Amino acid sequence: MKQQQQKQKLFLIATFIFFLSSPTFTDGAGILSRIFDRTITASDNNHLSSGNSSSKYLTRDALWFNQTLDHFSPYDHRQFRQRYYEFLDHFRAPDGPIFLKICGESECGGISNDYLAVLAKKFEAAVVSPEHRYYGKSSPFKSLTTENLRFLSSKQALFDLAVFRDYYQKSLNARFNRTAADNPWFVFGASYSGALSAWFRLKFPHLTCGSLASSAVVLAVYNFTEFDQQIGESAGPECKSVLQEITHLVEERLASNANELKSLFGALELKIDGDFMYFLADAAAIAFQYGNPDKLCTPLIEAKKAGEDLVNAYAIYVKEYYVKSFGANVETYNQQHLKNTAVNDDSADRLWWFQVCTEVAYFQVAPSNDSIRSSKVDTRYHLDLCKNVFGEGIYPDVDATNLYYGGTDIAVPSYIISCHNCGHGTDLRGCPQSPLVIEGDASNCSSPDAVHKVRQQIIEHIDLWLSQCRSSGRSSM
C-alpha cells in the first residue's frame, strides 16, 4: 500500500561516523523490545539447514581470544573467552583496511553475507566481527544470575571492542612480520550495534577512521510512546483503524475467556495478560519496522470489508507470518522464561531485557490517546517485569545513559542521508530482512533506487575518509 511509507535516515557523521536513524521509528524506535534483531539472527541460522546455506555467511569459523571482564576496575583482572570471526578473501595484505562489524544482542554465528561483503570487496578490506559479551558462546559465567550480569553493559562492550581492535592489529602485524603498523579501521553496526558503532567513534576516536551506525538507537528513552504513534502513521488511516478495532476486540475477549483467546494465537503459555498484549503489539510493529506492511494490512483490511472475524484474521497473520515466517518465538514474551538463569541458546532474551531494564529502557508504552497497542502495555507493566525478572532495585537510568553518550546531541559533526520507504537497517541488510538476503540485495525493497542512492553515498564517504586516514599516516583522524 502506497500510504504505508517507511522512512529511514542515515546520519553519516563526518569526523567520521555514519549514523543511521529512522524518522519512521524516531530516535530509539529502531528497537523492538522483545524480538529485535535476535529474531532475524535466529531466522538466518535456521535457514542454514536449507539450500544455499553456505552463501548466507562469509565465514562461520570461530576464533577466540582472552577478554577483560571488568574494564573499569584496577583490581579485578579476571578474563573470559570471547568469540570472533575473520574474513580475509578480499583483503589487500598487509595494509588494506579492516572493517569491524559489531555483533549485537544475539548469538554471533558468523559474518553474514550482507552488503558489507560488497563493501569489503570494493575496498579490499578484511572483515572481523567479535561477539558481544555474554551473548552466544562469549559468556563470562556459567549462570546468568542478576549478580553475574553486573558486567553486561554497553560501556563494557565498547571497551571490549577497543581491546579486540588492539589485539587483532597486533596479531595481524605478527602474521605479516610488521612492527607497530596500524591499518585503517572502519566500524559498522545496525540498530543497537549501530549505537555501539556511533559510541565507539565518540569514545575511541583514535581507533577508527569512521563508523557507519545504521538505524542506530543512540537516544535512551523511558516512556517511548512515539513508537506506537509512528506505527499508526506508517500504517495509514485505514489499516490503523482496523488495528485499533482488533485491540479493542482482543481486550473484550481477554476479559471474558482469556485461555480460549490465547489458544487462538498459539500463546496459551503467556499467563500474564501484559505479556500477551505485548506479543500482539510486536507482531503488528514488525511488519512496518522491517518493510513488509502489506503482509499485515492487506489481509486485515480485506477481512474488515468482508465482514469477517477480525480477531481470527489477526491470529492467522500472527501465527503464519510473525511466528512461522518471520521466526518470532512466543516463549520470548514469557516472563517465566526470562527468569531462566541457565546459559543456553535462548539466553539472549534475558540478556537483552537486562540491558533494557538497566540502561536504555525504550519502554514501548501505549499513548494515552489514539493508541494501537493495548493500554495494558504501560510503564507499570515494564517496571513490574524488570522487578519480577531481575529483582528489587533494577530499573533503567536513561538520564545517566544519555548523559554519558550525549543522546541525539552526540558530540560529532553529522552528515545526513534520507532513505524514503526503507526498512530498519536496509542499507546493510537489503529487503526484506528475514530471511537474510544475500549481499543485502535491494531488489525486493519497496524503493530499490532509494537504497542504491544511499549506498552510493556511503561508498563515497568511506572512500573519502579512508583516503584521509592514509594520507595522514594514521588509522584514524
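Values below: all heavy atoms of this structure, side chains included; hydrogens, waters and symmetry mates excluded. In this text, all values refer to a predicted model and were calculated from it rather than measured experimentally.
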Does the Lys NZ or Arg CZ of [X] fall within the cation-pi geometry relative to [Y] - under 6.0 Å from the ring centre and within 45° of the axis?
| X | Y | answer |
| --- | --- | --- |
| R133 | F151 | no |
| K155 | F72 | no |
| K101 | Y85 | no |

(request) Using the salt bridge (Lys or Arg N to Asp or Glu O under 4.0 Å) rule, collect all pairs that involve residues 337-347, keeping only residues at least two apart or in two chains. (result)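 Every pair satisfying salt bridge (Lys or Arg N to Asp or Glu O under 4.0 Å) with a residue in residues 337-347: there are none.
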When you compare the side chains of [X] and [Y], does any donor N or O come within less than 3.5 Å of an acceptor on the partner?
| X | Y | result |
| --- | --- | --- |
| Q229 | D370 | no |
| N223 | T379 | yes |
| D349 | Y333 | no |
| Y405 | S154 | yes |
| D160 | H71 | yes |
| E252 | H248 | yes |
| T401 | E359 | no |

(request) Using atom types as modelled and distance alone, determine if a side-chain donor or acceptor of N292 lies under 3.5 Å from a backbone N or O of K295. (result)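 No.
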(request) Under the side chain to side chain donor-acceptor pair (under 3.5 Å) rule, collect the residues that match up with S241, sequence neighbours excluded. (result)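 Testing S241 for side chain to side chain donor-acceptor pair (under 3.5 Å), a comparison that skips the adjacent residues, returns none.
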(message) K387: which residues meet the side chain to side chain donor-acceptor pair (under 3.5 Å) condition with it, sequence neighbours left out?
(response)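 Counting only residues at least two positions away or on another chain, K387 forms a side chain to side chain donor-acceptor pair (under 3.5 Å) with E392.
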(message) Does the plane of the ring in H382 sit parallel, tilted or perpendicular to the ring in Y278? Use 30° and 60° as the thresholds.
(response)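 Geometry flag for Y278 against H382: perpendicular rings.
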(request) Take the angle between the ring planes of F276 and F279 and call it parallel below 30°, perpendicular above 60°, tilted in between. (result)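 It falls in the tilted class, 30° to 60°.
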(request) Decide yes or no on salt bridge (charged side-chain N to carboxylate O under 4.0 Å, His left out) for E238 and K304, but give the supporting numbers first. (result) CA-CA 10 Å; E238 190 174 20; K304 172 67 174 179; over 6 Å; no
(message) With ring pair (Phe, Tyr, Trp, His ring centres under 6.0 Å) as the test, pick out the partner of F164 among F200, F65, W64.
(response)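 Of all the options given, the one that passes is F65.
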